[in-house]
Trainee: 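Okay, here's the structure, questions in a sec.
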2 protein chains.
Amino acid sequence: MQKEKFSQYSFILDRTARKVKQYAQVSFAQRDFDITIDQWSIIKILFQENPMTHKELAELSGKDQPTLTRIMDILIKKGLVRRVEHPTDRRALQLQLTDEGKIKVDNLSPLVAEVRMKAWENLSEEDFEHFVRILNTIYSNLEKEN
Amino acid sequence: MQKEKFSQYSFILDRTARKVKQYAQVSFAQRDFDITIDQWSIIKILFQENPMTHKELAELSGKDQPTLTRIMDILIKKGLVRRVEHPTDRRALQLQLTDEGKIKVDNLSPLVAEVRMKAWENLSEEDFEHFVRILNTIYSNLEKEN
DNA sequence: TTAATTTAGTTGTCACACTAATAATTGCTA
DNA sequence: TAGCAATTATTAGTGTGACAACTAAATTAA
């Protein structure tokens with residue numbers, strides 16, 4: 001394997017990830033969604049599996065716990081989510097969408113899906129399979145030990 | 001196209017990009033490189049095409065100008081880069097590696113290449129071609145207008 | 001049952017991304 | 001050539017990511 005050839009992959013990966021995020025963020029702003037991409041990804045999960053603890057939500061969303069705590073603080077300030085006591089574990093808190101939060105997800109979901117699709121123009125279903133397989137392989141290659 | 005199927009791609013993209021960055025960062029720290037991934041990507045470019053302006057370097061590195069200014073501040077504080085006046089445009093500054101910066105790149109380059117290769121275990125040259133093509137297509141799909 | 005360890009969540013610090021605003025300079029044009 | 005627009009770099013503000021350290025509560029061990 002020629003190492004030189006591969007030296008740019010992290011650049012491509014990084015800039016594409018940033019572009020996807022940025023494109024979605026600008027689209028959100030244009031439509032006055034008043035929410036960031038990361039905040040959206042959190043309430044989307046809560047909408048599907050409501051309620052859950054910080055820890056569970058961090059795992060599902062792929063964010064670490066400190067990051068999740070901060071995003072939750074913002075979402076609570078916006079009135080989209082609330083923290084309630086865990087029924088059996090006093091260390092833990094359960095997170096659930098407020099009614100306002102549910103309405104938000106309902107209203108925005110179809111528009112978000114449209115925005116998301118833009119990235120896949122000129123690409124095939126097969127490309128999508130490659131994409132998922134390759135990126136997940138990279139992820140697990142780096143996951144194991146370190 | 002089934003929209004649901006595609007809804008997860010940004011999650012996969014984002015978490016893979018973060019994992020690649022984090023893996024490299026941990027590897028750097030273990031070897032006492034005393035530099036971040038983003039700082040490395042900057043001095044690597046400067047090593048190949050020395051000197052250039054903030055604007056040129058921002059474009060080549062895929063970072064925006066405010067981000068580049070901050071990274072440069074850090075690199076200058078570390079003594080790896082210096083700013084010098086542009087010969088013809090008094091608005092602009094040229095950036096160049098110090099001798100220490102050049103030595104740093106020389107010393108670290110082979111080790112960085114090794115770290116980078118880890119991601120491509122169990123993947124083929126063909127996968128790499130798919131990777132580059134798909135991600136660059138996504139990038140340009142979102143690039144055009146917005 | 002006390003003591004040690006583990007777990008859930010938070011806070012602090014540093015680095016980076018993006019937007020908007022600003023200062024200094026340059027270049028265009030009327 | 002005077003005035004205005006565009007360009008280069010910086011700064012400020014907000015949000016996010018990684019990591020370390022901390023508090024409080026729960027679990028395990030002695």
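In what follows, every chain begins at residue 1, and chains take the letters A, B, ... in the order their sequences are listed. Note that this is a predicted model, so its numbers are computed, not measured.
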Trainee: Say whether, by atom type as modelled, one donor and one acceptor occur between the side chain of Thr67(A) and the main chain of Lys63(A) under 3.5 angstrom.
Mentor: no
Trainee: Does a side-chain N or O of Lys63(A) approach OP1 or OP2 of dG17(D) to a distance below 4.0 Å, or not?
Mentor: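 For dG17(D), OP1/OP2 do have a side-chain N/O of Lys63(A) under 4.0 Å.
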Trainee: For DNA chain D, which residues of residues 73-85 of chain A approach it to below 4.0 angstrom with any heavy atom?
Mentor: Ile74(A)
Trainee: Between atom CD1 in Ile37(A) and atom C1' in dT16(D), what is the gap in whole Å?
Mentor: 12 Å
Trainee: Does a salt bridge link Glu85(B) with Arg90(B), judged by any charged N lying under 4.0 Å from a carboxylate O?
Mentor: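 No, no charged N to carboxylate O under 4.0 Å.
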Trainee: Scan Gln96(B), His54(B), Gln94(B) and name whichever one has a side chain to side chain donor-acceptor pair (under 3.5 Å) with Arg83(B).
Mentor: His54(B)
Trainee: Round to a whole Å and report the spacing from NE2 of His54(B) to C1' of dT11(D).
Mentor: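 The answer, rounded to whole Å, is 14 Å.
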Trainee: Main chain of Val115(A), side chain of Ser27(A): is a donor-acceptor contact present, judged purely on distance under 3.5 Å?
Mentor: no
Trainee: Starting at NZ of Lys21(B) and ending at P of dG17(D), how long is that distance when rounded to a whole Å?
Mentor: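 Rounded to the whole Å, the gap is 11 Å.
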Trainee: Determine all donor-acceptor pairs shorter than 3.5 Å in which one atom belongs to a side chain in residues 102-112 of chain B; sequence neighbours excluded.
Mentor:
from, atom 1, to, atom 2, distance (Å)
Lys104(B), NZ, Phe33(B), O, 2.8
Ser109(B), OG, Val105(B), O, 2.7

Trainee: Just the rounded figure in Å: distance from C1' of dT16(D) to CZ of Arg18(A).
Mentor: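 Whole-Å distance recorded here is 14 Å.
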Trainee: So does Gln39(B) get a backbone contact from the side chain of Thr36(B), meaning a donor-acceptor N/O pair under 3.5 Å?
Mentor: yes
Trainee: Keeping Gln25(B) on the side-chain end and Ile37(B) on the backbone end, is there a donor-acceptor pair under 3.5 Å?
Mentor: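 Yes, the answer is positive, given that a donor and an acceptor are paired below the 3.5 Å cut-off.
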Trainee: With a 4.0 Å cut-off on heavy atoms, is Gln39(B) in touch with a base, just the backbone sugar-phosphate, or nothing at all?
Mentor: sugar-phosphate
Trainee: Determine, for nucleotides 22-27 of chain D in 5'-to-3' order, which nucleotides have protein heavy atoms under 4.0 Å from the base (write B), from only the sugar-phosphate (write S), or from neither (write -).
Mentor: ---BS-
Trainee: Rounded to whole angstrom units, what separation is found between the CG atom of Asp14(A) and the P atom of dG17(D)?
Mentor: 13 Å
Trainee: What parts of residues 64-72 of chain A reach DNA chain D, counting only heavy atoms under 4.0 Å away?
Mentor: Asp64(A), Pro66(A), Thr67(A), Arg70(A), Ile71(A)
Trainee: For residues 55-62 of chain B, which side-chain N or O atoms pair as donor and acceptor with protein atoms under 3.5 Å away, sequence neighbours left out?
Mentor:
from, atom 1, to, atom 2, distance (Å)
Glu56(B), OE1, Thr53(B), N, 2.9
Ser61(B), OG, Leu57(B), O, 2.8
Ser61(B), OG, Ala58(B), O, 3.3

Trainee: Looking at Phe131(A) versus Trp120(A), is the centre-to-centre ring distance below 6.0 Å?
Mentor: yes
Trainee: First and last nucleotide of DNA chain C in contact with chain A, 5' to 3', at under 4.0 Å to a heavy atom: what are they?
Mentor: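 That gives a stretch of dT7(C) to dT19(C).
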Trainee: Quick test of your reading of the model: are Arg82(B) and Asp99(B) salt-bridged, counting only N-O distances below 4.0 Å?
Mentor: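 Asp99(B) and Arg82(B): not salt-bridged.
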Trainee: Rounded to whole Å, how long is the line connecting atom CG of Asp38(A) with atom P of dA18(D)?
Mentor: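 To the nearest whole Å, that distance equals 11 Å.
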Trainee: Donor-acceptor pair, Thr16(B) side chain versus Tyr139(A) backbone, under 3.5 Å?
Mentor: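 It does not hold such a pair.
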Trainee: Do you know the tightest heavy-atom contact between Asn50(A) and Leu46(A)?
Mentor: CB-O, 2.9 Å
Trainee: Whole Å only: how far is the CD atom of Glu59(B) from the C1' atom of dT8(D)?
Mentor: 12 Å
Trainee: Is the closest side-chain heavy-atom distance between Arg116(B) and Ser10(A) below 4.5 Å?
Mentor: yes
Trainee: If the threshold is 4.0 Å, N to carboxylate O, is there a salt bridge linking Asp73(B) and Lys77(B)?
Mentor: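 Looking at Lys77(B) together with Asp73(B), the answer is no, because their closest N to O distance does not fall below 4.0 Å.
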